[in-house]
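I have placed the structure first, in the form of structure tokens, so that the comments after it can refer back to it.
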Amino acid sequence: MDVQARLRQLPKVDEALKHPRVVAMLEAAPRALVVEALREAIEASRERLLADEDARHSEELLLAEAEARLAGKTRPSLRRAINATGIVIHTNLGRSPLAPEAAEAAAEAAVGYSTLEYDAETGERGSRHVHVEELLKRASGAEAAMAVNNNAAAVLLAIAALARGKEAVVSRGQLVEIGGSFRIPDIMRESGATMVEVGTTNKTHLRDYEEALTDRTGLLLKVHSSNFRVVGFTEEVSLAELVALGAQHGVPVYEDQGSGVLVDLRGWGLPYEPTVRESVEAGADVVSCSGDKLLGGPQAGILVGKWHVIAKLKKHPLARALRLDKMTLAALEATLRTYAEPELAAVRIPTLRMLTTPVEEIRARAERLAALVAEHAPGAFAAEVVPEVSRAGGGALPMADIATHVLALRPLHGTEVEIEERLRRREVPVVVRVKEDRLLLDPRTLTEAEEREVALALAEAVPGPGG
Ligand SMILES: *Cc1c(COP(=O)(O)O)cnc(C)c1O
């Protein structure tokens, strides 16, 4: 059959719309999307026939293509995913899952009216800052506090409010780039401050800052190195020393803490990270951190500090542009409330709970997962529970090797690359690590219910007979 003859076998959209399978599609999805999916599927078939002279028109192939395209058009873009990587604060997967009470508070704020900017005592206009200010003051010991859209916004606001048109002094060892092209020098420029770099990558001394001070200096800035460490021959000036220097010259000191922790993580066997309270006690005028990294709340930027500094930030025009919405504020308030009892925080806040789950428990879960996989996908993998490391992620605790156990699966049919792709392209993607020829599943970042889902997803992802 020549090309033209084969092309003539392709249905027109109007004809295809009468097919029972397409009628079923029309019952489940808007007509415009079904028509679009059909057009694309017919076009794909046309291209296949043109490209390959042995290809024949197949109704089955065309309908399957249309159904797949329709599924792609109707399913939500932002949807649930299963994180089997063991990277707890996985920025691409939404960082911190919320505590149940935080999720409930956000949902309640979402569906109804709220006291967002309403003082129910007086019946007058209130401030949206009050919902988290007292909690942040109590958690940090600071005089005042506020929250904005994220920590990048906090950095922008703090530098703009304190150093616009002036110089901000920062160590060369702290000019960090955080994932997603957030770079301290760029933010500095956007905020209208002139950056004055002092010291070198590995060593900055107090005298370096001292020599950089002029009558144009508006700010001394200290940035947490977050996602990297300079090790070896290094020296950094402590926050307390910077505060003393700032006080001598009447220059405010701002610390961007990055991840930000409200409780000392060593109590749970994690590495030491300076807490927000310690920076406040060291005398910083303002300290900022993220809400959704180690703090375990929603995306937010937290700013705590001296009363007059926070008052200035609240009044700055950028504060309005960077403000939090009601759902996030509700979730942040609920998250911060759990910190009133740190023991409770480690149980209720998923990020802290996952980071502090003992390795023996993870190992037992990996064994349980192995049993589920053997049950649902018998004969598909050579499976082994092996020691590995989980990561905090999100630029937090980069040097912490958090001991874990993973289920390592070597496919007996198909390749690990194929299976990884099938797992990821599901309606609910399952994201795993691939190491050498094995898929690694870390139960640290899985809930118990997800373990079964992962086993079922693996059973679906292994190539079937002949597949
Ligand atoms: C993560 C991080 C930021 C950016 O915070 P977001 O909440 O992601 O906007 C800024 N500074 C440091 C040091 C960080 O680690």
Side-chain angles (χ1 to χ4, degrees), residues 87-98 132 136 145-160 162-163 168 170-191 193 195 197 201 204 219-230 236 239 242 253-262 265 271 273-276 278-279 284 286-305 313 318-319 321-325 328-329 331-332 335-336 351 355 391-400:
I87 301 167
V88 176
I89 307 167
H90 197 306
T91 297
N92 302 145
L93 299 181
R95 287 202 182 151
S96 289
L98 294 180
V132 292
L136 286 170
M146 67 188 289
V148 292
N149 181 59
N150 55 11
N151 190 31
V155 177
L156 180 66
L157 177 61
I159 300 177
L162 299 173
V170 61
S171 161
R172 286 201 170 87
Q174 298 168 3
L175 296 176
V176 298
E177 171 175 319
I178 317 296
S181 73
F182 169 89
R183 291 175 161 188
I184 291 292
D186 298 340
I187 296 287
M188 201 85 98
R189 191 166 341 99
E190 291 302 321
S191 65
M195 182 170 72
E197 302 169 38
T201 308
T204 304
L219 188 67
L220 292 172
L221 171 64
K222 185 171 168 68
V223 183
H224 192 295
S225 62
S226 289
N227 47 9
F228 76 104
R229 291 289 179 272
V230 179
E236 230 187 24
L239 181 61
L242 278 188
V253 176
Y254 163 37
E255 182 179 44
D256 171 14
Q257 266 217 353
S259 183
V261 291
L262 294 181
L265 300 174
E273 273 292 305
T275 62
V276 175
E278 284 171 278
S279 294
V286 57
V287 180
S288 76
C289 69
S290 290
D292 56 354
K293 292 185 182 171
L294 286 171
L295 212 134
Q299 179 190 305
I302 285 163
L303 287 148
V304 304
L313 302 193
L318 271 178
L322 304 175
R323 76 184 185 185
L324 278 181
D325 76 292
T328 309
L329 260 174
L332 183 59
T335 304
L336 292 171
T351 296
L355 282 169
R391 294 280 168 205
L397 310 176
M399 304 301 275

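Order of listing sets the numbers, starting from 1, for every ligand and every atom in it. As the structure is a prediction and not an experimental result, all values here were calculated from the model.
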Per-atom contacts, ligand 1 versus [X] - under 4.0 Å to a heavy atom:
X    : result
F182 : 10 (C), 11 (N)
D256 : 10 (C), 11 (N), 12 (C), 13 (C)
H224 : 13 (C)

Item checked: Partners passing side chain to side chain contact (heavy atoms under 4.5 Å, CB included) against E197 (at least two apart in sequence or in another chain) -> R172, L175, M195

Next item on the list: Sequence neighbours left out, what passes side chain to side chain contact (heavy atoms under 4.5 Å, CB included) with T328? Give chain and number order.
Entry: P298, L324, D325

Notebook entry, point to check: Where's the contact between Q257 and ligand 1, heavy-atom distance under 4.0 Å: side chain, backbone, both or neither?
Noted result: neither

Check: Where does R95 meet ligand 1, judged by heavy-atom distances below 4.0 Å: at the side chain, the backbone, both, or neither?
Finding: side chain

Checklist line | Min N/O separation A152 to ligand 1 under 3.5 Å | finding: yes

Note to self: Below 3.5 Å, N or O to N or O, backbone or side chain included: is there any such pair between S290 and ligand 1?
What the structure shows: yes

Next item on the list: Test side chain to side chain donor-acceptor pair (under 3.5 Å) on S288 and N151 and set out the steps.
Entry: CA-CA 7 Å; S288 76; N151 190 31; 2.9 Å; yes

Checklist line | Beyond-backbone contact of V170 with M188, side-chain heavy atoms, under 4.5 angstrom | finding: yes

Check: Would you say the side-chain atoms of E273 and S259 include a donor-acceptor pair closer than 3.5 Å?
Finding: no

Margin query: If I take atom OG1 from residue T335 and atom CG from residue L98, how far apart are they, to the nearest 0.5 angstrom?
Written below: 6.0 Å

